[in-house]
2 protein chains.
Amino acid sequence: MAELSRTTGVPVPTIKYYLREGLLTPGEQAGRNQVYYDDRHVRRIKMVRALAEYGGLSIAVIRELLAYIDHPGRDPLRLLGEAQATVIPRYERRDAPEEERGRRRLAEVIAKRGWKNVGDHPSFDAAAGVIGVLEQLGRQDVIEALDDFAAAAELIAVTDLRVVGDARDVERAVQVVILGTVLGDALLAALRRLAQSHVAYELETGDRTL
Amino acid sequence: MAELSRTTGVPVPTIKYYLREGLLTPGEQAGRNQVYYDDRHVRRIKMVRALAEYGGLSIAVIRELLAYIDHPGRDPLRLLGEAQATVIPRYERRDAPEEERGRRRLAEVIAKRGWKNVGDHPSFDAAAGVIGVLEQLGRQDVIEALDDFAAAAELIAVTDLRVVGDARDVERAVQVVILGTVLGDALLAALRRLAQSHVAYELETGDRTL
DNA sequence: GCCTCTCGATAGTTAAGCTATCCACTACTG
DNA sequence: CAGTAGTGGATAGCTTAACTATCGAGAGGC
């Protein structure tokens with residue numbers, strides 16, 4: 001265990017805690033007080049840290065994710081939806097008037113882009129909630145950019161699905177979905193800021209106009 | 001205060017807590033134990049809740065954001081960078097080999113897209129960290145999609161800058177940047193899942209091939 | 001005149017995510 | 001082969017964040 005701690009940089013008590021919480025499968029017992037940990041444990045710990053640090057996920061959610069990674073459904077077609085359902089935070093759909101307006105606005109955009117199969121998606125209410133709150137805060141200008149955001153999201157989704165499709169087995173595909181979603185969100189957020197900085201620079205120097 | 005609580009749906013003790021924490025400016029004193037709150041307080045509270053709930057920001061970060069919203073720098077050109085710096089979580093740049101590799105990989109993509117003004121951006125290390133960890137976890141397939149992600153990020157950034165440019169004064173622009181960044185990230189994440197669901201559906205029905 | 005409500009201060013609560021201590025035991029070290 | 005450092009497991013404790021509850025002096029309303 002000391003070695004596991006050294007190679008991952010995670011303190012021993014924390015590893016014990018992860019074991020207690022069921023994030024790590026017990027290692028192979030070798031004698032009364034000697035346990036062997038292998039490469040999989042190292043990757044497991046790195047995954048836990050990455051999901052917590054970059055994805056901001058709680059230990060409880062990470063445990064669910066890992067459980068799904070270990071025992072994915074066998075139907076590859078449903079895999080994306082199932083894995084998504086495991087990752088997505090559940091927003092309790094409030095029936096406040098502003099959220100209702102957000103739902104209508106979002107439904108318009110979805111219709112315009114011809115998106116199917118999304119009306120009862122768990123992320124629908126999340127997006128509608130954000131739109132509702134933006135409207136309440138008087139940020140109609142941001143809401144007007146919704147179409148462009150949706151277009152970009154579709155581009156990203158196509159990439160996502162291509163990567164998932166290229167995964168050679170279910171196990172790999174599950175990892176792509178989970179990590180691609182959680183770490184992908186963090187990555188996209190960071191890239192967005194870099195791109196903003198770049199575009200702002202080009203506007204300043206006159207290399208680009210909007 | 002009871003009325004403020006009723007119209008926002010936030011319990012009185014929580015409002016008191018926000019006052020203590022300096023998230024809310026004190027209302028107008030009217031007598032020894034009577035204080036008037038107005039519309040701005042209502043919007044303030046809604047903003048705090050939105051930033052916390054959808055953006056997952058801590059009270060401490062929200063306080064900084066609000067302070068910047070109240071006293072933005074006067075140079076509109078620097079505004080984006082300053083506001084960004086306030087929002088972006090600071091990752092302590094580790095000099096682990098995998099993060100170093102992430103930095104190199106990211107630098108390639110940036111060079112390929114011709115992004116300028118981006119090498120020492122605070123989000124650079126965040127993105128590099130994610131890439132590094134993806135590589136460690138054996139997800140080269142996701143890393144290969146980096147170019148596409150960057151392209152989408154650029155699209156989004158152009159939209160962002162257009163919205164900021166349309167804001168008619170500095171005060172409005174600051175709000176666009178902060179809310180557009182924090183709530184925009186949440187919105188994009190949700191739209192991404194909706195788009196994934198849509199694209200997956202089209203692939204299933206044969207309406208689309210990759 | 002009394003009863004309720006208000007503000008503000010202070011203290012308490014809850015949950016998450018570790019971290020520290022203990023203990024019985026064991027395996028390497030000289 | 002004795003000693004000592006280290007092991008795993010159990011349990012308890014710590015720290016921070018974000019609220020939440022209590023209290024008391026004082027004001028407003030019928």
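Numbered from 1 within each chain, the chains take letters A, B, ... in sequence-line order.
- The side chain of B/Y18 contributes an N or O atom lying less than 4.0 Å from OP1 or OP2 of D/dC19.
- Among the nucleotides C/dT19, C/dG8, C/dA11, the one closest to the side chain of B/K16 is C/dG8.
- Checked against C/dG8, C/dG17, D/dC19, the side chain of B/Y17 finds its nearest nucleotide in D/dC19.
- Note on the helix from C/dG1-D/dC30 to C/dG30-D/dC1: terminal axis deviation equals 10°, with five pairs used at each end and the result rounded to 10°.
- When only modelled atom types and interatomic distance are considered, B/Y68 and B/E82 share a side-chain donor-acceptor pair under 3.5 Å.
- When distances are taken from the side chain of B/P13 to each of D/dT20, C/dC18, C/dC7, the shortest belongs to D/dT20.
- Taking every side-chain heavy atom of B/A2 into account, C/dT6 is the closest of C/dT6, C/dG17, C/dT19.
- Side-chain atoms of B/V35 lie closest to C/dG8 of the nucleotides C/dT21, C/dG8, D/dC19.
- Judged purely by atom type and a 3.5 angstrom limit, B/T181 uses its side chain to pair as donor or acceptor with the backbone of B/V177.
- Taking every side-chain heavy atom of B/P11 into account, D/dT20 is the closest of D/dA18, D/dT20, C/dC7.
- Judged as a side-chain hydrogen bond (donor to acceptor under 3.5 Å, both in side chains), the pairs with a partner in residues 184-196 of chain A (not counting sequence neighbours) are, in order, A/D185-B/R192, A/D185-B/R193, A/R192-B/D160, A/R192-B/D185, A/R193-B/D185, A/Q196-B/Q84, A/Q196-B/D160.
- To the nearest 0.5 Å, the span separating CG on B/L65 from CG on B/L51 amounts to 6.0 Å.
- Between B/T14 and the phosphate of D/dA18, there is no side-chain N or O to OP1/OP2 separation shorter than 4.0 Å.
- As a whole-Å value, the separation of B/I45 CD1 from D/dC19 C1' is 14 Å.
- Counting only heavy atoms from C-beta on, A/R20 has its side chain closest to D/dA12 among C/dG17, D/dA12, D/dC19.
- Among the heavy atoms of the strands, none lies under 4.0 Å from B/A52.
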